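One structure is given here, and the rest of the page talks about it.
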Amino acid sequence: MSAALTVRNLEVRYDGGLPVVVNYDIDVLAGTVTVILGRNGAGKTSTLRGIVGFLPHEHGTSRAEVTVNEVVVKSRDPLAMSKAGLTLVLERDKVFSNMRVMEQLKVFTSDRSRLAEVLRYFPRLEERGDVRAGMLSGGERQMLAIGLALLGRPKVLLVDELSLGLAPGMIRELMSYLRRLAEEEGLAILAADQAVGPSLEVADNVQVMDGGKVIVAGSPSDLGVDSILNTYLGVDV
Amino acid sequence: MTILGNTGDSDSLNPVDTAHRSAPKRRLRRLVRKQGSGTNLFIYALIIAGAIWAGLGNASVNLIGQYCIVYGIAALGQQLLIGSAGQVALSGAAFMCIGAFTTGMLASVGAAAFPIPILVSAAIGLIVGLVSGLPGLRFRGLYLLLSSLALLFIVVQVAQMYENTYHPGGLNIPLLYFLGLDLSVGRALYVALLVILFIVYAIVAWLDRTGVGLVWHTIRESEIAAAIAGVNVVRWKLYAFAASGAITSVAGSLFAYVVGFADAGAFDLTLSITLLTMVFIGGVSSRSGALLGAAVITVLPTLLASTMPGLLSKVGLASGWYATNRSEVDAGLFSLLFLIVVLFEPSGLEGLMRSGERRIRNLVSSKKNRADLEVGGQS
Amino acid sequence: MSVAAQAVEGSIATGAIYGLVGSGFAVIFRATKVLSFTQSGFMLVGAFTFYDIITVWKLGFLLAILISAAAVAALSALVYFFVFARVASSAAFATSIATIGLAGVFQAIIAIKFGTTPLTLPLVVSSHSYKFLGVFVPTVDIISTVIALIGFALLLMVLRFTPVGRRMEAVADNAPLAVHLGVSAARTSTAAWALAGATAAVAGSIFSLRTFVVDPAGTSNLAMVAFPAIILAGMDSVGGVLLGGLIFAGVQNFVYIVWGEQWVTIASFVMMLALLGVRPSGFFGTPDAVRL
């Protein structure tokens, strides 16, 4: 079976400087979750943004060959990626803060059954339907962000820092959603995160990044959780 | 922020290699080698040649030269604001109005001895700038544009009311005499204006080299960085706005001398936009660009008047069409030029020349390299 | 008393037009963060298209307004798409300044084609005035106000209930996110310019209708004169701008009656300066519209 997402030779630069991500390759199969682990500044966010071509700050540029569902996406911009079936869930500003929850969900689909499906994953969103998204809790905001991305029936979902600023219990809950979405929607998920423990629980594959390069990749069981923590991330277990 | 960010003139910030300061030849060579030096030299040569030509010409050429200088000073005022604080204001005509009316009012109370009107105009422009700039300068971007628009309407309306009440039909401006010399018309007036332009230019250039200019440069590069470094950004932007107002008021006073009277109707939004067009066409990042832009925009109508009818008859239009619609066509062309420059060529003529120079330099150096290579291959 | 009541009548009629003018600015500002001075050019083009349709095609004024609105909407969309789209997304401020130039181009074209003196409209609306509670209410005031309110209501409905309106809302809230979710910012911006063009044409037409002349200077000035109303409401508040227009027209009429006509401009713009100093986001706008 061929991969739902293939990226070859990704390179990201800011303001014409030295590349912050070099020679990045990945294949993500449909129905699986891959997590990029790494410290702050390892190049995780630049990698995800580079894939979709969303580099508005400091004149970022990216080069890569990206294939979504065996279709080569030539144009490196978020709109074209979204049309091709790849959606990035942003790290910050990931919801429409001044719009109510249901109101914004309805903007992105005219298909009522799809909306119902998404709300089945995240019943909490229906309960909070009349609340402005700016008032939501961090976890609810993540659910809304993923829910918004799901409405367009993407084939590939990129998720940037799902765990940012959340309590450990909530991180585990959201990570388990990634697993469920991969299995039930047949999504190929590529997430970048710093929460090593919860990520390893749901990931089929792991890449550890440092200094803009993948320094090791494989399945959590092959690599061994302790060794990932110890050797590659410098965390004492 | 393409138009108002750093538009390329960061060469001046390059650290000077102090170790070699003693060797003037080397400095000269470095100056010549520096990208942009050719453009600067070319623009100044153009301006000086034009200035000499206008001074030697007949009375009508003198008159065009006079307007070039007046608008040149006004453009310097606008450039100070755009180039230093990175802000765009629509109040240029308001400050020119202030200068012209100050001159007229002083004349009517008998305090017209030159250069009193100019100095008073500058002072009033400075004060109005300080008082009116604050609401628009607390935030970036559009807010100064809007508040300066408000200032324009307020100032012109006040001037109009004064004019209607005390001097219906316009304020008389006395002839320009200085120390008994008649500088009121022709070449004499032209030279007098030229001297004033030089003084204004020198003051602005001096300001730019002092700490004041440095603070303004910092703000233009990044307001946030400047604020972090302890600069009171709003206050310094306000100073820039006020200084720009003072200079533009001087231009307004001189404008009144050239025209011979002051009428509020002359100072409208179109004039403000024309001043901005001059700065943008020349290139917002340098004073020489502003002067060049002022000259181009001032001369262009005359140039069009002599070439357009012929041009139009070639494409089959009646040549009389331009004569009857001249002011409208010119206004439309200027607006179009402004639109194109702001959107697609934000560094103006100066920018075009710079990239031209870069291309020539690259050509020369690649030829030289190739020559070097060939020599190397033979040996 | 009757002076005051008459002033209220005039304020409502003028304020409704200001509101319509302002709504066009707000629609574009929300979608693209551009303050489009070209709106004044579109009002001018709209007013003269209206004039042409009435005098040359001899159509009724309602039909003339509709055709003019459609034509200017198309023109506005084309202008955005071909002139501004590429630059607008990355440099909203530069684009705002450039729109001043385009307004000048339209002004020049209109001046060449129609001259610079006001042209009298044929009598398309009855000059009868109704007397209501001691106040004279000219028929044109009723018609222009009703048209302005209908135009305003239609605009709000498009924004509120159509898919494209909802997408504009999303772009206004968080443009990068909307793009990630598959909304073409270029397309919604073009739609916003089309809508704003239509409101400008309607505003220019009813302004002419109400004054019985098509006045180039007055019409292109209308946009400038409406600025204080827009600042009062907040540049990004489509709904608030109607109220802003009504309040502002009331203030103008008050100044007119108490101090005289020549103080209207001064008072209006002093008020605008004060508002910019005290409350730059207006009374209905969102504060982050200030951070450009």
Side-chain angles (χ1 to χ4, degrees), chain B residues 1-5 86-88 90 131-132 134-158 160-161 164-165 269-270 272-274 276-277 280 321 324-325 327-344 346, chain C residues 29 33-35 37-38 41 83-84 86-88 90-113 115-116 220-221 224-225 227-228 230-231 235 262-278 280-281 289-292:
Chain B
M1 278 282 151
T2 45
I3 59 164
L4 302 171
Q87 301 270 324
V88 178
L90 288 168
V131 173
S132 66
L134 201 56
L137 287 167
R138 289 196 300 145
F139 307 97
R140 265 197 86 88
L142 288 174
Y143 286 84
L144 184 69
L145 207 63
L146 287 168
S147 67
S148 62
L149 189 72
L151 179 67
L152 173 66
F153 284 120
I154 293 168
V155 166
V156 172
Q157 182 62 24
V158 170
Q160 189 71 62
M161 282 162 68
N164 292 347
T165 318
L269 184 61
T270 312
S272 286
I273 295 167
T274 306
L276 287 181
T277 311
F280 276 101
W321 180 83
T324 50
N325 294 300
S327 66
E328 288 82 18
V329 175
D330 283 359
L333 283 178
F334 280 4
S335 299
L336 190 64
L337 211 56
F338 179 71
L339 171 77
I340 292 168
V341 170
V342 172
L343 276 187
F344 305 112
Chain C
F29 188 79
K33 295 282 175 284
V34 168
L35 184 68
F37 290 85
T38 307
V83 182
F84 294 118
R86 220 168 311 151
V87 185
S90 60
F93 184 47
T95 307
S96 303
I97 294 174
T99 57
I100 299 174
L102 191 61
V105 174
F106 283 128
Q107 256 173 42
I109 292 173
I110 293 292
I112 292 167
K113 187 156 190 294
T116 47
S220 58
N221 241 355
M224 304 294 158
V225 182
F227 264 129
I230 299 160
I231 301 300
M235 277 192 282
Q262 52 187 358
W263 288 97
V264 171
T265 310
I266 297 178
S268 306
F269 286 100
V270 167
M271 185 177 107
M272 175 166 144
L273 266 184
L275 277 167
L276 283 172
V278 180
S281 57
V290 176
R291 292 186 280 108
L292 283 168

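These numbers were taken from a predicted model, which means no experiment stands behind them. Throughout, a chain's letter reflects where its sequence line sits, starting with A, and its residues are numbered from 1.
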Toward chain C, the part of B:L90 with a non-hydrogen atom under 4.5 Å: side chain
Heavy-atom distances under 4.5 Å only: say whether B:V329 touches chain C with side chain, backbone, both or neither. both
Please report the closest heavy-atom contact between [X] and [Y], naming both atoms and the distance.
X      : Y      : answer
B:L142 : C:K33  : CD1-O, 4.5 Å
B:F344 : C:V83  : CZ-O, 3.7 Å
C:A94  : B:V342 : O-CG1, 3.4 Å

Heavy-atom cut-off 4.5 Å, strictly under: side chain, backbone, both or neither for [X] against chain B?
X      : answer
C:V225 : neither
C:S96  : side chain
C:I231 : side chain
C:T116 : side chain
C:Q107 : neither

Between chain B and each of C:S268, C:G115, C:G104, count heavy-atom pairs under 4.5 Å; write down the option with the most. C:G104
Mind ranking C:A92, C:G101, C:A103, C:A108 by heavy-atom pairs under 4.5 Å with chain B and telling me who comes out on top? C:G101
Which atom pairs, donor and acceptor, lie under 3.5 Å between side-chain atoms of residues 330-340 of chain B and protein residues at least two apart or in another chain?
from, atom 1, to, atom 2, distance (Å)
B:D330, OD1, B:Y322, OH, 2.7
B:S335, OG, B:A331, O, 3.0

Decide yes or no on side-chain contact (heavy atoms from CB on, under 4.5 Å) for B:V88 and C:F93, but give the supporting numbers first. CA-CA 10 Å; B:V88 178; C:F93 184 47; 4.2 Å; yes
State the [atom1]-[atom2] distance between [X] and [Y], to the nearest 0.5 angstrom.
X      : Y      : atom1 : atom2 : answer
C:R86  : B:L343 : CZ    : CG    : 10.0 Å
B:Y143 : C:M235 : OH    : CE    : 3.5 Å
C:F37  : B:L149 : CZ    : CG    : 6.0 Å
B:S147 : C:L275 : OG    : CG    : 12.0 Å
C:M272 : B:L146 : CE    : CG    : 4.5 Å

Do B:M161 and C:I266 have side chains that get closer than 4.5 Å, going by heavy atoms? yes
Side-chain contact test, heavy atoms from C-beta onward, threshold under 4.5 Å: evaluate it for C:L273 versus B:I154 and give yes or no. yes
Donor-acceptor check, side chain of B:Q157 to backbone of C:W263, threshold 3.5 angstrom: yes or no? no
Please name all residues satisfying side chain to side chain donor-acceptor pair (under 3.5 Å) with B:Q160, sequence neighbours left out, ordered by chain then number. B:N164
